[in-house]
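Counting starts at 1 for both ligands and their atoms, in listed order. Heads up: numbering here begins at 1 and tracks the sequence.
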Amino acid sequence: MSLGSNIQYLYSSNLLDLLSKIGQIANKNSLKAYVVGGFVRDLLLNKPNYDIDIMVEGDAIPFATSVGQELKAECKLIERFHTAHIYHENLVIDFSSARKEYYPHPGALPEVTFSNIRDDLYRRDFTINAMALSIIPDQPFELIDLFNGKQDLDSKIIRILHGRSFLDDPTRLYRALRFGDRFNFIMEPKTEMLFEKAIQLSYPSSLSTKRIAAEIDKAFNEKRPLSLLTKYQNTGLLAYFHKSFSEWTRPDFKFSIVPALTTRLRSKFKNISDSAVFWCFLLSNMPLEEAKPLLNSSGLLHTVTSQVIDSLNSWQTLLSKLIIANNKIEIYNALKNSCPESIALLYLKNKNKDVEKKLNLYTNELASIKPLITGDDLIEAGIKPGPEIRKIFDRIIEKRIEGFSLTRKEELDLATAISNI
Ligand code: CTP
């Protein structure tokens, strides 16, 4: 079964040409290359997926190096794992060497040896993720389905490939629920039985905080994070990160409003991170001195970690300031330096109607008030770069909040007047 026309339909001829070219480069080097994993699964589901994983029977390092040279693309080699990333146009293409895995103990990262496509597909989590697409020039875009992944995909089934799968890698317990929830699939009875056994025997306790955090973080980026979190909670998987995480369903916590809240706030603060808001809220239920080291060992993106720490540090002070703020300027000054995640956390933590009105006023009106002039205009007018500029902008914004509709010239005059004081 060739899937070339499916690729053309879902993506463009460019991607088809790119994959063919990578296959030809492999062939020139006497290697066989395949696209593997989520891309193939999603292609059969007619869903675009721009995470392209290429697997080659042989060493991926020299192969990715020649692909990088031919495409004139940046290539990053990870010699230790015999993997590589190529940055081509807007795509990141991952390269790996077909391998067999051996897990020295449950939850550990595997020891690997070079192998062939069958072993490489067999070491994977579920049959639906263990299909490949040949890019060998003689077999273009031929589906390689050695473990009946397509049949399971059509029957909406999650099935592990062998009995040790959950023991080898307990993150697969989270993944089974995640794919099940995302695609509305159910576990096949033997997989489900081994899933339950794995939970009873506490397999996830062998996982590092980092690996569990990565799984929870992926849930936050799913379309329906609350549905998946509920499943993590009901199976006990959430509590392996921290026992307090299971409190999120308490009726007095407003966790269920998180997705709608972040979507609403995104229309005002386009950089708000869903993931950071979820972490903020979950970690805000534990003492700060416990939350910080946990977060620092979770291996999340540095930007997420710093937004969360910043919000956890500041929300109580911001709340006190908002309670006593009496007018628009005081509300603006209380919140002007906070990141969008702190604002979200305030919405979630606050129980006071008056404070909620002030938050609405800030997000719907005050936060978007900006001067017409820019920092460059001020520098051109002879004002030194530095804290002075922030002070001038604040004053102009305060004027606008007070109801003055200033022209650019009036703003510049005000700036010069302030800088001469
Ligand atoms: N994989 C695995 N076991 C894991 C993680 C990954 O076998 N614990 C394999 C699967 O074949 C998977 C592939 O590696 O398809 C890529 O992993 P990942 O990018 O995490 O998953 P995707 O299937 O691409 O899923 P998503 O759509 O969530 O990115």
Side-chain angles (χ1 to χ4, degrees), residues 10 34-56 60 78 81-85 91-103 106-112 115 117-133 143-150 152-153 158-185 191 194-195 198 203-204 206-208 210-225 228 231-232 237 240 274-275 299:
L10 207 55
Y34 306 85
V35 188
V36 281
F39 179 91
V40 185
R41 175 200 67 217
D42 289 346
L43 185 63
L44 289 167
L45 289 171
N46 272 320
K47 292 180 196 290
N49 179 337
Y50 289 90
D51 287 337
I52 302 178
D53 292 314
I54 306 279
M55 180 262 287
V56 65
I78 301 117
F81 297 117
H82 292 276
T83 56
H85 309 295
L91 291 173
V92 182
I93 310 170
D94 291 338
F95 289 77
S96 65
S97 313
R99 62 187 197 255
K100 201 174 182 156
E101 288 183 343
Y102 162 73
Y103 288 81
L109 291 175
E111 287 173 10
V112 298
S115 190
I117 181 168
R118 168 169 280 275
D119 285 339
D120 191 278
L121 295 179
Y122 188 64
R123 73 175 172 86
R124 291 173 185 266
D125 52 0
F126 310 115
T127 55
I128 57 166
N129 290 339
M131 289 180 277
L133 193 64
L143 179 69
I144 315 282
D145 181 12
L146 307 177
F147 306 104
N148 295 325
K150 178 155 184 339
D152 286 343
L153 206 56
I158 308 278
R159 184 196 308 267
I160 45 175
L161 284 113
H162 56 81
R164 285 183 55 89
S165 191
F166 290 132
L167 181 64
D168 283 346
D169 180 358
T171 64
R172 291 175 176 168
L173 299 165
Y174 296 81
R175 291 172 67 85
L177 295 181
R178 180 153 60 85
F179 292 119
D181 204 66
R182 186 194 298 172
F183 300 128
N184 212 6
F185 284 15
T191 301
L194 290 170
F195 177 96
Y203 288 180
S206 66
L207 292 171
S208 64
K210 220 169 168 169
R211 295 193 76 202
I212 302 177
E215 290 306 322
I216 294 176
D217 195 55
K218 283 181 192 159
F220 299 156
N221 293 305
E222 287 290 320
K223 277 230 168 68
R224 294 172 300 143
L228 181 53
K231 289 180 182 147
Y232 283 176
L237 287 175
Y240 281 99
D274 290 79
S275 164

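- Those atoms of ligand 1 that come under 4.0 Å of a heavy atom in R182, given as number and element, are 26 (P), 27 (O), 28 (O).
- Within a 4.0 Å radius of atom 25 (O) of ligand 1, the protein contributes at least one heavy atom.
- For atom 18 (P) of ligand 1, the nearest protein heavy atom (residue, atom name, distance) is R175 NH2, 3.8 Å.
- Listed by number with element, the atoms of ligand 1 under 4.0 Å from a non-hydrogen atom of G37 are 15 (O).
- Using a cutoff of 4.0 Å between basic side-chain nitrogens and carboxylate oxygens, D169 and R211 are scored as salt-bridged.
- Here's the thing with D53: none of its N/O atoms is less than 3.5 angstrom from an N/O atom of ligand 1.
- Numbered from 1 in the order shown, with element, the atoms of ligand 1 that lie under 4.0 Å from a heavy atom of G38 read 15 (O), 23 (O), 24 (O).
- Annotation for ligand 1: atoms under 4.0 Å from non-hydrogen atoms of D169 are 4 (C), 8 (N).
- Without hydrogens or angle criteria, S97 side chain to H82 main chain gives a donor-acceptor distance under 3.5 Å.
- Of all heavy-atom pairs between I158 and G180, the closest is CD1-N, 3.8 Å.
- Applying the side chain to side chain donor-acceptor pair (under 3.5 Å) test to R118 and every residue at least two apart in sequence or in another chain returns nothing.
- With respect to D125 and R175, a salt bridge is recorded, a charged nitrogen being found less than 4.0 Å from a carboxylate O.
- Taking a cut-off of under 4.0 Å to the non-hydrogen atoms of T171, the atoms of ligand 1 that pass are 8 (N).
- Nearest non-hydrogen protein atom to atom 29 (O) of ligand 1 is D51 OD2, 4.0 Å.
- Counting heavy atoms closer than 4.0 Å to ligand 1, residue F179 contributes side-chain atoms (C-beta onward) but none from N, CA, C or O.
- Atom NZ of K100 sits in a sparse spot, with 12 or fewer heavy atoms from other residues, nucleotides or ligands closer than 6.0 Å.
- The protein heavy-atom contact nearest to atom 7 (O) of ligand 1 is D125 N, 2.6 Å.
- Relative orientation of the F166 and F195 rings is perpendicular, given thresholds of 30° and 60° on the angle between their planes.
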(Q) Set out, in order, the CA-CA distance, both residues' side-chain angles and the distance that settles side-chain hydrogen bond (donor to acceptor under 3.5 Å, both in side chains) for D217 and S275, then state yes or no. (A) CA-CA 6 Å; D217 195 55; S275 164; 2.5 Å; yes
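- Comparing R41, R124, E101, M55 against atom 14 (O) of ligand 1, the shortest heavy-atom distance belongs to R124.
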